[in-house]
Amino acid sequence: MKIHGQLRRSIEADHSKQTAQIIDQTLLPHHVEWRELSTLEDAAEAIKVMRVRGAPLIGATAAYGMFFGLRADASDAGLHQAYDVLHATRPTAVNLRWALDRMKRTVEPLSPEKRAEAAWEEALAICEEDVKTNHAIGRHALELFREIQARKSDPDAPLNVMTHCNAGWLATVDWGTAISPIYQAHDAGLKVHVWVSETRPRGQGASLTAFELKEHGVPYTLIVDNNAGHLLQRGLVDVVIVGTDRVTAHGDVANKIGTYLKALAAKAHDVPFYVATPVSTIDWTIADGVRDIPIEQRSSREVTHMPGLTDQGNREEVLITPEGTQARNDGFDVTPAALVTALVTEHGAYPATAAALQELQAKL
Ligand SMILES: CSC[C@H]1O[C@H](OP(=O)(O)O)[C@H](O)[C@@H]1O
């Protein structure tokens with residue numbers, strides 16, 4: 001999508017050097033800096049410290065990481081080492097395992113000397129498919145937006161969309177998942193306004209979604225996470241749409257911490273709550289999300305400190321609690337399927353039920 005008027009992607013291949021260029025998202029929104037990944041260690045570090053984040057982009061970066069690892073050591077041991085190093089970076093987004101398993105299936109049958117090139121081609125394919133997938137998710141969700149818009153008492157009023165965290169193009173290779181229909185609605189001339197939830201403590205809403213929407217010219221208003229229920233209660237939200245890191249075979253949804261609360265409030269006020277998800281984010285091996293989805297525990301420093309830009313343009317962190325305060329920092333929560341109006345996939349919208357997902361799986 002657009003950065004300073006230029007069409008870019010969150011991760012781009014340098015075909016001459018067979019490296020990957022990423023936007024370092026830890027520096028956004030104040031600095032747009034590209035960073036080259038050329039080794040397995042580079043890719044693993046970028047995922048772990050969240051220079052790249054978002055389930056599909058984590059998977060895409062891991063795919064390149066497998067190539068880098070095999071370029072250095074294409075033996076079976078090298079393959080398994082690359083897989084394990086990358087798999088250990090972050091636990092919740094299933095796209096990481098999905099991408100690693102796909103890369104392994106692609107290269108393991110090959111003789112070692114053929115593995116690196118096959119991995120490079122497969123990493124490129126994963127990225128190209130992600131772009132098409134997310135555009136399709138956006139098309140299907142846009143149809144739902146239009147239906148909601150048509151039911152509004154004032155059809156000339158903007159469609160008020162609430163989202164959480166960042167499920168935009170920065171969370172994927174391009175387009176995003178939950179934000180894809182927002183871009184497509186805006187580009188199609190449908191008036192849309194976005195309530196951007198800041199998403200404490202990492203602030204992906206405030207720093208990334210706000211950045212994306214501003215760059216694309218989409219009207220938005222930043223809110224603190226705790227403002228969401230109030231807006232839903234007062235009829236100021238027409239639809240909630242979020243991304244996800246893992247969907248179970250029964251439709252439970254793991255997403256950034258705070259999603260569950262928004263789903264509860266949306267249900268209480270009869271506001272549609274959609275989850276935009278590529279099929280690659282569905283974990284067919286588990287049913288009960290609360291029991292079986294691993295929830296990342298992150299540093300308490302992310303809660304006790306706030307990063308920002310000083311008046312002199314320097315990035316600094318400040319302590320916002322008493323010294324020595326212990327803080328809990330669950331990175332994700334699980335929204336039960338019963339609170340999800342529909343899962344919007346690249347194949348269309350499906351109820352968040354085991355039966356509907358079995359029907360989807362049968363088509364794949
Ligand atoms: C399209 S996946 C976006 C998903 O990933 C984010 O988590 P993180 O920024 O920690 O990788 C968040 O849960 C988003 O909804």
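The residues of the chain are indexed from 1 along the displayed sequence.
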*Run the salt bridge (charged side-chain N to carboxylate O under 4.0 Å, His left out) check on Glu346 and Arg139 step by step: do they pass?*
CA-CA 8 Å; Glu346 62 270 43; Arg139 286 200 309 275; over 6 Å; no
_Looking at Glu36 and Lys17, is any side-chain nitrogen of the basic one under 4.0 Å from a carboxylate oxygen of the acidic one?_
yes
*asked:* The test is salt bridge (charged side-chain N to carboxylate O under 4.0 Å, His left out); show your working for Asp76 and Arg115 and say whether it passes.
replied: CA-CA 10 Å; Asp76 287 351; Arg115 286 176 172 174; 2.8 Å; yes
*Can you hop from Ile257 to Val275 via hydrophobic side chains spaced under 4.5 Å?*
no
*Geometric cation-pi criterion Lys262 and Phe273, 6.0 Å radius, 45° cone*: no
*With no hydrogens and no angle check, is any side-chain donor or acceptor of Gln149 less than 3.5 Å from a backbone partner on Pro155?*
yes
*Please check if the side chain of Thr248 supplies one atom and the backbone of Asp252 the other of a donor-acceptor pair under 3.5 Å.*
yes
Per-pair distances, 0.1 Å, donor-acceptor, side chain in residues 347-360, under 3.5 Å, sequence neighbours excluded:
unit_1 : atom_1 : unit_2 : atom_2 : d
Tyr350 : OH     : Lys363 : NZ     : 3.0
Thr353 : OG1    : Ala356 : N      : 3.0

*Could you check if a side-chain atom of His164 sits within less than 4.5 angstrom of a side-chain atom of Asp225, using non-hydrogen atoms only?*
yes
_Could you check whether any side-chain N or O of Arg97 sits under 3.5 Å from a backbone N or O of Pro91, counting only pairs where one atom can act as donor and the other as acceptor?_
no
*Cluster question for you: counting only ILVMFWY and a side-chain heavy-atom cut-off of under 4.5 Å, with indirect links fine, are Ile126 and Leu57 together?*
yes
*asked:* Taking Val340 as the starting point, is it possible to reach Ile241 by hopping between hydrophobic residues whose side chains are less than 4.5 Å apart?
replied: no
_With salt bridge (charged side-chain N to carboxylate O under 4.0 Å, His left out) as the criterion, how do Arg102 and Glu129 come out once you've worked through the C-alpha distance, each side chain's angles and the decisive distance to 0.1 Å?_
CA-CA 13 Å; Arg102 174 165 164 175; Glu129 288 168 25; 2.7 Å; yes
*Can you list the steps and then say if Gln297 with Asp330 is a side-chain hydrogen bond (donor to acceptor under 3.5 Å, both in side chains)?*
CA-CA 5 Å; Gln297 296 300 315; Asp330 296 88; 2.6 Å; yes
*Would Glu113 and Ser111 count as having a side-chain donor-acceptor pair, cut-off 3.5 Å?*
yes
*Quick check: does any side chain N or O of Asp333 sit under 3.5 Å from a backbone N or O of Gly258, one acting as donor and the other as acceptor?*
yes
*Give the C-alpha distance, both sets of side-chain angles, the deciding distance and a yes or no for side-chain contact (heavy atoms from CB on, under 4.5 Å) between Tyr274 and Leu343.*
CA-CA 6 Å; Tyr274 292 119; Leu343 299 165; over 6 Å; no
_Please check this pair: side chain of Lys267 against backbone of Ala338, looking for a donor-acceptor N/O pair closer than 3.5 Å._
yes
*asked:* With a 4.5 Å cut-off on side-chain heavy-atom distances among I, L, V, M, F, W and Y, is there a chain of contacts connecting Val52 to Val85?
replied: yes
*Any side-chain donor near an acceptor of the partner, Asp14 and Gln21, under 3.5 Å*: no
_Pairwise distance NZ(Lys132) to CD1(Ile137) - rounded to 0.5 angstrom_ = 14.0 Å
*Is it the case that Thr281 and Asn95 place a side-chain donor and acceptor less than 3.5 Å from each other?*
yes
*Do Thr172 and Asp174 meet the criterion of a side-chain donor-acceptor pair at a distance under 3.5 Å?*
no
*Summary of ring-ring contact (aromatic ring centres under 6.0 Å, His included) pairs that have at least one residue in residues 221-265, sequence neighbours excluded*: none
_Polar side-chain atom of Gln25 near backbone of Leu170 as donor-acceptor pair, under 3.5 Å_ = yes
*Are any side-chain N or O atoms of Thr177 and backbone N or O atoms of Gly243, one a donor and one an acceptor, separated by less than 3.5 Å?*
no
*Kindly indicate whether the side chain of Trp195, heavy atoms from C-beta on, has any atom under 4.5 Å from the side chain of Val237.*
yes
*Answer with yes or no whether the side chains of Thr39 and Asp42 bring together a donor and an acceptor at under 3.5 Å.*
yes
*Taking atom types as modelled, find out whether His80 and Glu108 have a side-chain donor-acceptor pair closer than 3.5 angstrom.*
yes
Side-chain donor-acceptor pairs of residues 200-209 under 3.5 Å, sequence neighbours excluded:
unit_1 : atom_1 : unit_2 : atom_2 : d
Arg200 : NH2    : Val303 : O      : 3.1
Arg202 : NH1    : Glu302 : OE2    : 3.0
Ser207 : OG     : Gly203 : O      : 2.7
Thr209 : OG1    : Cys165 : O      : 2.7
Thr209 : OG1    : Asn166 : ND2    : 3.1

_Heavy-atom donor-acceptor pair, Arg71 side chain to Gln18 backbone, under 3.5 Å_ = yes
_ring-ring contact (aromatic ring centres under 6.0 Å, His included) partners of residues 18-70, not counting sequence neighbours, each pair once_ = Tyr64-Trp120, Phe67-Trp120
*salt bridge (Lys or Arg N to Asp or Glu O under 4.0 Å): pairs with one or both residues in residues 231-249, sequence neighbours excluded*: Lys152-Asp238, Arg246-Asp283
*Any side-chain hydrogen bond (donor to acceptor under 3.5 Å, both in side chains) pairs touching residues 213-224, not counting sequence neighbours?*
Asp187-His216, His193-Thr221
_Side-chain donor/acceptor of Ser300 to backbone N/O of Gln326, under 3.5 Å_ = no
*Would you check if the side chain of Gln184 reaches a backbone N or O of His135 as a donor-acceptor pair within less than 3.5 Å?*
yes
